[in-house]
Structures are given as C-alpha cells and as structure tokens.
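Read through the structure below, which is laid out as structure tokens, and then see the notes.
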Amino acid sequence: MMFLVLFQHYIYVYISTLQRRQQTSIRAPSFSLSLSPPAGRMLRFARRLLSNMPESTVYGGPKPQTEGRRVTLNQLRLKHRRGEAITVVTAYDYPSAVHIDLAGIDVCLVGDSASMVVHGHDTTLPISLDEMLVHCRAVARGASRPLLVGDLPFGSYESSSSQAVNTAVRVLKEGGMDAIKLEGGAPSRISAAKAIVEAGIAVMGHVGLTPQAISVLGGFRPQGKTVCSAVKVVETALALQEVGCFSVVLECVPGPVAAATTSALQIPTIGIGAGPYCSGQVLVYHDLLGMLQHPHHAKVTPKFCKQYGRVGDMINKSLSDFKQEVENRIFPGPSHTPYKIGEDDVDGFLKELEKLGLKEAAAAAASAVENLEKIGRSSMETPAR
Ligand code: KIV
C-alpha cells in the first residue's frame with residue numbers, strides 16, 4: 001500500500017513537470033521544448049495510472065482530444081498555394097465524423113444534405129437549425145482533426161444580415177463548428193456573408209446549383225450552361241471572395257466554368273459535380289460509400305457521384321446474417337457470452353432462487369451453466385479456421 005502511495009506521488013510529480021514543460025513550449029515559441037514521443041507516451045501512461053476511469057469499461061471510456069491538431073484556414077491556404085488538392089466530405093453524426101477524421105480528410109462539412117440522406121426528405125429545405133445543431137454537435141465530438149464547417153439551413157439566414165450572424169454564431173457556439181457555409185450569391189447573401197465574416201466567423205460560399213433554391217431554379221438543375229449563367233457563376237464567386245469567404249463550393253457546373261472560376265479566384269474552389277479543375281473536391285458521405293442502396297436514395301443519388309464502396313450491400317448482408325443467426329439460435333455463441341459467474345456464486349444463486357420459490361428459474365440457470373460449459377469446451381476443441 002505504502003509503495004503504491006509513493007509510486008502515485010512520484011507519478012504525480014512527473015506529470016506536473018511534463019505539463020509545465022509542455023505549457024512552456026506552447027506559451028514561448030522561441031523556447032520550443034516540445035515533448036519527445038516517448039515522453040508523450042509516458043505522460044499518457046502516467047495520466048492513465050492516476051485516472052479513476054477503469055482501464056477497460058464495457059463500452060470503452062472517453063478519449064482525450066489531441067490538442068493542437070485541428071486543420072486551420074492557414075493550412076488550407078498553404079495547401080492551395082502549393083497546388084495540393086483539398087479534400088472535403090460531409091458528416092452528420094459521431095461515427096461518420098470518426099471515419100472522416102481517421103481518413104485524414106481536410107474539411108468535414110455538416111451539410112444540410114442531412115435533410116435528404118439522414119432524414120429521408122426529398123429536398124434540403126425541411127431541415128431546421130435545431131436539427132442541424134444536433135448533427136453539428138455529434139460531428140464535433142467525433143472529428144478532432146478536420147476543419148468543421150456547418151451549413152446554415154434554409155430559413156435561418158435569408159431575412160437579414162443580423163439573422164444570418166445570429167445563426168452563424170449559434171452554429172459555432174452551440175454546434176461546435178469552426179466555420180459556416182451559406183448558399184447563393186444574391187446581394188442579400190453577399191451582405192450576409194460579409195456581416196458573418198465581420199463578426200469573426202469564417203465563411204464558405206456555395207454557387208452553381210444551390211439546392212436550397214430549387215424553388216426558383218425549377219429543380220436540381222446544373223448551372224452555368226449558358227453564357228449568362230456561366231458568367232454569373234464566376235461573378236458570384238468573385239463577390240463572395242471579395243467579402244472575405246475563405247473558399248467557395250462550385251456545385252454542378254460545366255468543367256470549363258469551374259476552371260475559369262478557379263483561375264479567377266485567389267481562394268480555393270471546392271467542386272461537386274464540377275469536374276477536375278477545382279482546388280478541391282467534396283462528396284456526400286453516404287453517396288461516396290454507396291451506403292444507401294434503396295429506391296429513395298437511388299432516386300436522389302446524383303450521376304456525378306463516384307461510389308468508392310458498396311457499404312449498403314454490406315449493411316444489408318450483415319443485417320440479414322444477424323437475423324438468420326438469431327432466428328437459428330447461432331448467435332450469441334460462447335465467444336460473445338463474455339460475462340462469467342464463479343462456481344461458488346452459481347451455487348449460492350441457485351440456492352437463493354430455490355428459497356424464493358423460483359425452482360424453474362434455478363433449473364434454467366443450472367442447465368445454462370452446463371450447456372455453456374459444453375459449448376465452450378467443444379468450441380475450444382474445434383480447430384481454428
Ligand atoms: O449540404 C451539402 O452536403 C452540401 C455539399 C453537397 C456541398 O452543400
């Protein structure tokens with residue numbers, strides 16, 4: 001016991017020293033004494049020792065976010081200047097955010113496409129700000145590295161610049177996002193983008209096909225296919241740059257129009273259905289994974305989308321395998337029945353059940369002990385495949 005106390009004290013002193021060194025290196029860049037990887041590992045190990053969180057909980061404990069790793073606007077600018085392509089993928093919940101983070105994607109966009117791919121609506125119009133904020137918070141918990149951009153949903157920013165600023169502030173404060181995206185290039189949208197930038201919030205613009213405007217566009221129609229419409233795409237993107245947007249999404253415009261816009265702008269263009277001449281590309285998570293293989297989604301999956309997987313098929317197969325194994329009483333087998341009760345406790349438990357008059361329950365428990373042992377033994381004897 002004494003040894004444990006001394007050891008914990010030693011570890012505490014060690015952590016404090018490491019933390020002081022770490023803080024010094026953050027506060028004084030000229031004296032950049034950063035932790036070597038072994039010291040970092042030692043710090044994590046030491047924190048673990050002092051933590052009251054059990055090492056292995058049923059669902060795993062919370063993981064600390066790694067500080068100082070978030071992709072910044074400066075890093076995006078640097079990539080753009082170097083001619084490196086910027087990657088953007090949408091996410092709507094914790095697991096999609098974790099996957100996007102693990103893949104090293106630069107920007108995670110909590111798009112209002114959630115309205116279609118998550119909520120099953122035919123358009124992006126119905127999703128509310130409160131619903132978007134729930135998606136934003138879940139994504140912020142899952143993705144610690146990518147820059148997080150939250151879409152302003154339809155109806156949350158069109159009335160005035162102050163409405164737009166208030167909504168943008170909520171997306172950052174309540175949604176945990178780093179920046180916002182808004183659609184369109186009408187003068188009122190440009191003013192809204194300007195006001196949000198002036199409020200200290202980074203803004204991504206969105207021109208070409210702007211799905212929130214299907215009412216006036218007459219449906220999900222590509223833009224920039226006539227001289228007038230193509231020039232409008234370039235001019236709108238320039239206007240968004242002028243008011244301080246850090247990048248612009250170009251959706252569903254012909255390749256040459258995207259190339260002209262990319263060349264005319266100093267900020268990066270992020271294409272979707274706009275061909276290769278953009279500074280980066282964005283796709284919707286479910287579309288790129290081939291996740292929704294059902295008629296509704298087949299109807300709304302755009303033709304420019306490349307499916308990098310057929311995750312939907314895998315989901316279908318896994319679900320029907322589960323159904324079949326449960327119905328045939330194959331699942332759960334011994335390897336998925338992990339919790340044991342000791343022999344003495346089993347005896348005590350059976351006696352207590354009998355005392356309670358639960359004879360059949362006691363018999364069921366006794367036979368389960370026997371069967372589980374038998375199945376366990378036979379599975380250990382089965383040679384590994
Ligand atoms: O809502 C969204 O997902 C988007 C992308 C398609 C750019 O706006």
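Counting starts at 1 for both ligands and their atoms, following the listed order. In this text the structure is predicted, and so the values were computed from the model without any measurement.
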Pairing of Lys194 and Glu198 as salt bridge, 4.0 angstrom limit: yes

NZ/NE/NH1/NH2 to OD/OE distance under 4.0 Å, Glu235 and Lys232: no

Numbered atoms and elements of ligand 1 in range of [X], under 4.0 angstrom, heavy atoms:
{"X": "Thr90", "answer": "3 (O)"}
{"X": "His206", "answer": "8 (O)"}
{"X": "Gly111", "answer": "1 (O), 2 (C), 3 (O)"}

Within reach of ligand 1, part of Thr124 (heavy-atom separation under 4.0 Å): neither

Side chain, backbone, both or neither: Asp151 near ligand 1, heavy atoms under 4.0 Å: side chain

Stepwise salt bridge (charged side-chain N to carboxylate O under 4.0 Å, His left out) check, Lys355 with Glu352: CA-CA 5 Å; Lys355 265 195 244 161; Glu352 288 301 320; 3.0 Å; yes

Nearest-option assignment for atom 6 (C) of ligand 1, heavy atoms, candidates Ile272, Asp112, Val282: Ile272

Closest to atom 8 (O) of ligand 1 among Lys181, Glu183, His286 (heavy-atom distance): Lys181

Nitrogen or oxygen of Ser113 less than 3.5 angstrom from that of ligand 1: yes

Plane angle bin for Tyr92 and His286 - parallel if under 30°, tilted between 30 and 60°, otherwise perpendicular: tilted

Salt bridge (charged side-chain N to carboxylate O under 4.0 Å, His left out) between Asp345 and Lys340, intermediate numbers included: CA-CA 10 Å; Asp345 288 315; Lys340 310 281 180 239; over 6 Å; no

Audit row: Thr262, Thr269, side-chain hydrogen bond (donor to acceptor under 3.5 Å, both in side chains) steps and yes/no: CA-CA 6 Å; Thr262 303; Thr269 55; 2.7 Å; yes

Trace of the side-chain hydrogen bond (donor to acceptor under 3.5 Å, both in side chains) decision for Asp112 with Ser115: CA-CA 6 Å; Asp112 62 353; Ser115 177; over 6 Å; no

For atom 4 (C) of ligand 1, the protein heavy atom that lies nearest, with its residue and separation: Leu109 CD2, 3.8 Å

